[in-house]
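Okay, structure first, notes after.
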Amino acid sequence: MKLHQALFPVPVLRISVSLLAIAGLLAGTMATATADEASIARGGRLYDKWWAVNEAEKPTETHPAYPGENYKGDATWRCKECHGWDLQGKDGAYSEGKHATGIAGVQGYAGKDPAAVAAIIRDQTHGYTPAMLTDADVMDLANFIANGQVDMHQYVDYPSLKSKGDAAQGKVYFDTICAGCHGVDGKKVADADPLGSVASNGPEMMSKVLNGQPGEAMPALRALDHQIAADIVAHLQTLPR
Ligand code: HEC
Ligand code: HEC
């Protein structure tokens with residue numbers, strides 16, 4: 001120890017000072033990232049399709065609170081089916097069309113105590129048991145609703161649901177971050193639809209890019225500036241079908 005200090009006292013100090021400077025710089029540029037980003041992204045994937053994330057048994061009965069006949073069985077247990085990809089329910093993209101349920105959005109819980117959201121997920125209307133969603137799952141979901149809401153109107157045009165992002169910029173991100181798995185044409189995942197054929201729903205695509213795909217080793221870009229996600233979605237909407 002003494003020998004080490006005697007040999008390298010000054011350089012070691014210099015290195016740690018410059019590392020601190022770099023860390024400070026990064027903290028300055030990553031203004032949207034918080035310590036909870038991984039929990040929030042996992043909550044977003046659970047919101048999308050929880051049983052693909054936590055490997056719980058997929059429900060077979062239709063959710064008792066699901067109104068109408070448009071969807072049946074497991075689909076009606078996805079949070080997104082009742083509250084929408086934009087989390088705005090009847091006031092968002094699901095205000096009309098075959099996914100419309102008339103159910104309110106969850107935007108009123110942005111910035112609220114996650115414990116309040118957790119209580120709602122366990123209430124009688126929702127009926128999610130610990131076998132479906134563990135307490136840890138519920139915490140991630142609550143964190144997503146309370147601390148992870150993104151105002152889709154900033155990034156997506158309504159009612160066209162086209163991204164307002166820059167597709168040329170998005171292509172640069174896509175070709176470097178996504179194309180390894182999806183191919184530059186979005187057709188490389190063999191058992192999946194071409195990305196260009198599923199990309200028209202802007203809020204859904206924003207959700208996939210920000211939070212990742214449930215059950216797949218796909219990255220979640222939430223910790224980066226959300227404009228990057230919007231630019232990528234704009235590019236997805238130009239890919240071949
Ligand atoms: C089958 C439909 C359905 C599903 C699926 C569903 N909800 Fe709900 N949710 C409702 C209904 C109905 C209400 C009451 C709001 C209303 O009166 O329209 C509600 C209310 C809420 C609220 C309170 C909104 C407010 O402002 O009062 C939150 C938060 C919420 N749900 C979160 C979730 C989460 C998280 C999931 C997934 C784990 C989920 N919901 C799945 C039907 C559903
Ligand atoms: C590690 C590999 C991997 C990377 C990297 C990756 N993905 Fe994925 N992605 C997948 C897989 C696998 C699926 C599931 C395909 C399926 O079966 O529908 C998927 C699904 C998707 C879906 C949903 C498709 C649908 O049918 O609903 C979208 C959208 C998507 N990816 C976009 C992207 C974008 C944009 C990026 C870059 C930011 C990206 N992915 C990076 C592997 C990856």
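Along the sequence shown, the residues carry numbers beginning at 1. Counting starts at 1 for both ligands and their atoms, following the listed order.
- Of all atoms in ligand 1, numbered sequentially from 1 with element shown, those under 4.0 Å from a heavy atom of T76 are 1 (C), 5 (C).
- Under the 4.0 Å distance rule, the nearest protein heavy atom to atom 24 (C) of ligand 1 falls inside the cut-off.
- Less than 4.0 angstrom separates some heavy atom of P219 from each of these atoms of ligand 2: 4 (C), 5 (C), 6 (C), 41 (C).
- Put simply, H126 gets within reach of atom 8 (Fe) of ligand 1, with an N, O or S atom under 2.8 Å from it.
- Residue-ligand proximity, L221 to ligand 2, at heavy-atom distances under 4.0 Å covers atoms 38 (C).
- Around atom 34 (C) of ligand 2, the closest heavy atom drawn from C178, S207, S197 belongs to C178.
- In Y128, the part holding a heavy atom less than 4.0 Å from any atom of ligand 1 is the side chain.
- At a heavy-atom distance under 4.0 Å, atoms from both the backbone and the side chain of I103 approach ligand 1.
- We find the CG-CG distance between L195 and L239 to be 6.5 Å, quoted to the nearest 0.5 Å.
- The ligand atoms of ligand 2 that sit less than 4.0 angstrom from a heavy atom of V209 are 35 (C).
- Residue side and main chain included, H83 places an N/O/S atom under 2.8 Å of atom 8 (Fe) of ligand 1.
- R122 has a carboxylate O that lies under 4.0 Å from a charged side-chain N of D135, or vice versa, which qualifies the two as a salt bridge.
- Taking every non-hydrogen atom of M205 and a distance limit under 4.0 Å, the qualifying atoms of ligand 2 come out as 29 (C).
- Note on D48 versus K208: salt bridge recorded, some NZ/NE/NH1/NH2 to OD/OE distance being below 4.0 Å.
- Less than 4.0 angstrom separates some heavy atom of Y66 from each of these atoms of ligand 1: 1 (C).
- Looking at D137 and R42, a side-chain N of the basic residue comes within less than 4.0 Å of a carboxylate O on the acidic one, giving a salt bridge.
- Using a 4.0 Å cut-off to heavy atoms of I232, the atoms of ligand 2 that qualify are 35 (C).
- Within a 4.0 Å radius of atom 17 (O) of ligand 1, the protein contributes no non-hydrogen atoms.
- Of all atoms in ligand 1, numbered sequentially from 1 with element shown, those under 4.0 Å from a heavy atom of A104 are 18 (O).
- Between H182 and ligand 2, at least one N/O pair is under 3.5 Å apart.
- Between Y128 and W77, the ring center distance clears the sub-6.0 Å criterion.
- Near A192, with a cut-off below 4.0 Å to any heavy atom, the atoms of ligand 2 are 15 (C), 16 (C), 17 (O), 18 (O).
- Aromatic ring centres of H99 and Y71 lie closer together than 6.0 Å.
- With 2.8 Å as the limit, Q213 does not count as an N, O or S neighbour of atom 8 (Fe) of ligand 2.
- Counting heavy atoms closer than 4.0 Å to ligand 2, residue D193 contributes nothing at all.
- With a 4.0 Å heavy-atom cut-off, ligand 2 is reached by the side chain of L195 but not by its N, CA, C or O.
- The closest protein non-hydrogen atom to atom 2 (C) of ligand 2 is C181 SG, 1.9 Å.
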